[in-house]
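The structure under discussion appears below in the form of structure tokens.
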Amino acid sequence: MIYGSNHIDLVNDAFWFITGISALLLFVITFLMIYFVFKYNRKKGKKAVNIEGNTKLEILWTVIPVILVMAMFWYGWIGYRDLKNPPKDAMIVKVTAQMWKWTFEYDNGVKADSLYVPVNRAIQVNLHSLDVNHSFFIPAFRFKRDVLPNKNNSIWFLPANVGKFDIACAEYCGLSHSAMYSKVIVLPQQEFDNWLKTELVKKNASVTQSSAVNRK
Amino acid sequence: MHDKEQSVSYLDYKGKHSGIFAWILSTDHKRIGLLYLMASLLFFAVGVTFGFLMRLELIAPGRTIMDAQTYNSLFTLHGIIMIFLFVIPGLPAVFGNFFLPILIGAKDVAFPRLNLLSWWLYVLGALLAVISVFLPGGPADTGWTFYIPYSIRSTTNVMPALIAAFILGFSSILTGLNFIVTIHRMRAPGMTFFKMPLFAWSLYATAWVQILATPIIGITLLLVTIERMFGVGLFDPALGGDPVLYQHLFWIYSHPAVYIMILPAMGVVTEIIPVFSHRTIFGYKFIAFSSCAIALFGSMVWAHHMFTVGMSETAQVIFSLLTFLVAIPSAIKVFNWVATLYKGSISTDAPLLYALGFIFLFSIGGFTGLIQGALSVNMHIHDTSFIVAHFHYVMFGGTGFGIFAAMHYWFPKMFGKMYNMKTAKVGFWTLFVGFNTLYFPMFVMGWLGMPRRYFDYLPEFQIYHFISTIGSWILIVGLIIMFTNFIKALRSKTSYTNINPWSGETLEWTVPNKPPLENFEVIPTITAGPYEYKDNDEILTKEDN
Amino acid sequence: MSVVAEHISEHVHRDDLGSRMGIWLFLFTELVLFGGMFLVYAVYRFTYQQEFHVAAKELNTLIGTLNTLILLTSSLTMVLAIVAIRKDNKFLSIFFQVITIFLAFGFMVNKYFEWMAKIHHGIYPGSETLLAKGNGEILFFGLYYVMTGLHGLHVLIGMVLIGVMTRFTMKGTVNSDKYIHLEAAGLYWHLVDIIWIFLFPLFYLIT
Ligand code: HEM
Ligand SMILES: [Cu+2]
Ligand SMILES: [Cu+2]
């Protein structure tokens, strides 16, 4: 398995692990509440018993939750760990956020407003903001990272499947925050290379064109 | 009764001033509490209206009833109102003021005039917030978090909103200070700390958080104000300032503020459950200490709101770990409450329903907090509607329901009237169903990737938004049922004279309904703990009649 | 809860210990407030060590030292005023209070000239001279103005407070039996002093 390709699974696992335990506990708590309310209802005319507490129980329901939450922490941590360290050979794309659009720039100077990437290749995005805070969020890949004006964050991911996925802005940035959508377009390596080449040609063409205009 | 004047209710006695001044210049803790109650309910109504309008806008994608700018201002105002004007003062300033002195056997708080001052600061702050809506420039659109740099760029009336929050902070500090001294100095003879009702304990813990954390938000908001006025650069990235530092300062206060909101509500629930089970509380000391533990550890987890800004790995790990640990004292409370129902003699009146509703909804809020505390999951659901659902479960399902529980519990004592019990229960169930219909879909949406503070959304989320909006209608019907029930009771001619309708054992149930000025004719001497029920037989026979 | 009746006769509530506790708590919140500022200072000092170093040289250490001495002396006279009232020497107490106010005024005058000199050199938030400097220096002077400004505001409030106390002492509301208000004003004044003791080295001395 390629390093990082299981990120989505790790997040999903952690989520369902915690949700599962929580649901179970919530069920027990709720069930007991309802059960007690019926069983010990005043209408039944039984006398209440004054129970002041029980230290053993207190210790039990302190220690068990501590163990449970430590397990939850661990699950969350292992899913996060690999987000921090991009592999050395990751392809780097510079992402620029501004109110209210995304721009993606490749090593060779090609710029695009969607993020084209090859499948099964680690992608590192370096995030810059020209104005306020934004956040680079790809729900399908289960991560986001804030894009700040004075701090160059980066994050990486490994798209395992070909397809189109949404990029949203997840940090409130003013009027059109909710329209600040773009797409990740994951292509097979061959198609991606073709795309990049055509874009480069287009770009150079427009450069020569504009310099031609300038000369006149 | 040796002194006639003493038995006149706090609503009726004549003091130095008359007319409206008898109220707005009164230093009587009960009158001040009532003023806070009316003001905060008024703002609650406004906040709910804004929430309703936002939900209506979101019923379908695209523009429905308003433009994006209006929507952005609405969620900002909704947030500011609900946080600073409703939930923060909701329990300490309203019920704490009214009942803390009575619960510990005192005639008033330690500094009655300071108390009046903090009420006036509250009014001033609230007025400023209201004025900011109508000034040219339009209401603030930064979100209640005022994140930099947007908050120094926005051309809307951010300044009045900032100053309003600053002043409200001071009001809250003064209340906290007053309560700490009151609890230390004014307890009736014999009332040791461990004989205090647990509501007083929770107010005590809250008060410390109030005075320790609030100055930080004060200075932070002041700095943003100065930034907007003079462009000093302290937070402006263009001049070298650091927006992330702002976020740290903001959350150093605002996370503990979450506990300012929730602790007193837990206190109310802790009062209600033993009374309606008619048995002693399970694990008194564990509940009291967990209040303090929450106050203590709660001040060390602020950065869990900032996992996505790119902190160092160590910081991420520490804050995540502490976040998980801070859940433990809350869990201990929940277990003790449930255990208190065991072998009780339970009467399911409205206050208990609200208290149990609190436990259920707050538990969901807490469990989903765990989900967000996990680092990898947080990267995905941070700033999505998952968070919106989570904090509504905590703040509304928790504190909000806590406030409603307190209203139902203490209503007869405060007003000498009784509401209709059946209607109260109908109101509860409508609210409960509406609440879950409104907020549960937001968990699902959030997990699927619906970001927060969005005026518009992708079509795939429509079904959830639609259900959620329907939920808001049901919830509002529930609120209307609840409040008309109260209003009807207030307007009815028959006064309610039973001074202890729920057979409680704490001191407020020994004084007349609508307690007189200075509460007690003679200050009681306390010999037993607050929840020692000895009259189990009595209550059963009483129930039969 | 069993309740035993016990009559109490006194209705006027006076609790000096409680009042003192309240004052301490309040001063504590003030400290936390400035603590927030010191935190900001620490973070930026750490980020821009070199530039803070350069900027600090531009402050006038002489005026700073003078002001430190003035404030320290005023703290002393404030203590003396309280000692005097305790010994029931009304006149002496008033005398020391007036001296305290006078010293505070002197502090503000110095501060005024200090700020004015800076402003004449074109160093103030948003000025061209300042904006031409590095970010660290902009932040240093930003902090300088905000923190000394906020402190100056506290000095002004302190002056008003002590002024009111002087009036109370004249009227006899503050007397040898009941001087808790004067004591409160004194504690507040020491707080103002202490904060300056922190500000002084942070801006003037550490270069
Ligand atoms: C009828 C009741 C309510 C409705 C329909 C409602 C609805 C909403 C909606 C739609 C948002 C915007 C979420 C977003 O786009 O990010 C929101 C935000 C918020 N609500 Fe409520 N809400 C209600 C009651 C409450 C209550 C009782 C509280 C407090 C106890 C509260 C506190 C907040 C806060 C703090 C925000 C965040 C504002 C911000 O993001 O700046 N809400 N609410
Ligand atoms: Cu945005
Ligand atoms: Cu928090």
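So that the names make sense, note that chain A is the first sequence line, chain B the second, and so on, each numbered from 1. When reading the values below, keep in mind they use all heavy atoms of this one structure, side chains included, and skip hydrogens, waters and symmetry mates.
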key: Atom CZ of B:Phe367: over 12 foreign heavy atoms under 6.0 Å   = yes
Turns out that what part of A:Asn153 lies under 4.5 Å from chain B's heavy atoms comes down to side chain
_Close side-chain approach of B:Ser376 to A:Leu10, heavy-atom, < 4.5 Å_ = no
Minimal heavy-atom distance between B:Leu341 and A:Tyr40, with the atoms involved, is O-CD1, 3.8 Å
- Query: Taking the side chain from A:Arg42 and the backbone from B:Ser345, do they hold a donor-acceptor pair closer than 3.5 Å?
  - Reply: yes
* Asked: With a 4.5 Å heavy-atom cut-off, do B:Glu460 and A:Asp166 have their side chains touching?
  -> yes
Answer key: most heavy-atom pairs under 4.5 Å with chain A among B:Ala374, B:Gly344, B:Gly449 is B:Gly344
Most heavy-atom pairs under 4.5 Å with chain B, out of A:Thr30, A:Ile155, A:Ile78, belong to A:Thr30
Nearest heavy-atom contact between A:Asn50 and B:Arg279 is OD1-CA, 3.3 Å
Practice item. Using only heavy-atom distances, determine whether the side chains of A:Tyr80 and B:Gln316 contain a donor-acceptor pair under 3.5 Å. Key: yes
The interface call for B:Thr384 against chain A, heavy-atom contacts under 4.5 Å, is side chain
- prompt: With side chains defined as the heavy atoms from C-beta onward, is the minimum distance between B:Ile328 and A:Val66 less than 4.5 Å?
  reply: yes
Item to check | Evaluation steps, side chain to side chain contact (heavy atoms under 4.5 Å, CB included), between A:Thr19 and B:Ile371 | outcome: CA-CA 7 Å; A:Thr19 307; B:Ile371 297 177; 3.4 Å; yes
Bottom line for B:Ile281: the part with an atom under 4.5 Å from chain A's heavy atoms is backbone
*Which word best sums up how the rings of B:Tyr342 and A:Phe36 line up, parallel for under 30°, tilted for 30 to 60°, or perpendicular for over 60°?*
tilted
Under a 4.5 Å heavy-atom criterion, the part of residues 168-191 of chain A in contact with chain B comprises A:Ala168, A:Cys169, A:Ala170, A:Glu171, A:Tyr172, A:Cys173, A:Gly174, A:Leu175, A:His177, A:Ser178, A:Tyr181
If one checks every heavy atom of A:Leu148 against chain B at 4.5 Å, the contacting part turns out to be side chain
- Message: Could you go through B:Val244 and A:Lys151, starting from their C-alpha distance and side-chain angles, then the distance that decides it, and tell me whether this counts as side chain to side chain contact (heavy atoms under 4.5 Å, CB included)?
- Response: CA-CA 9 Å; B:Val244 176; A:Lys151 191 167 182 293; 4.3 Å; yes
With chain A, the option among B:Ile152, B:Ile359, B:Thr323 that has the most non-hydrogen atom pairs under 4.5 Å is B:Ile359
Quick one: sort the B:Phe335 and A:Trp61 rings into parallel, tilted or perpendicular, breaks at 30° and 60°. tilted
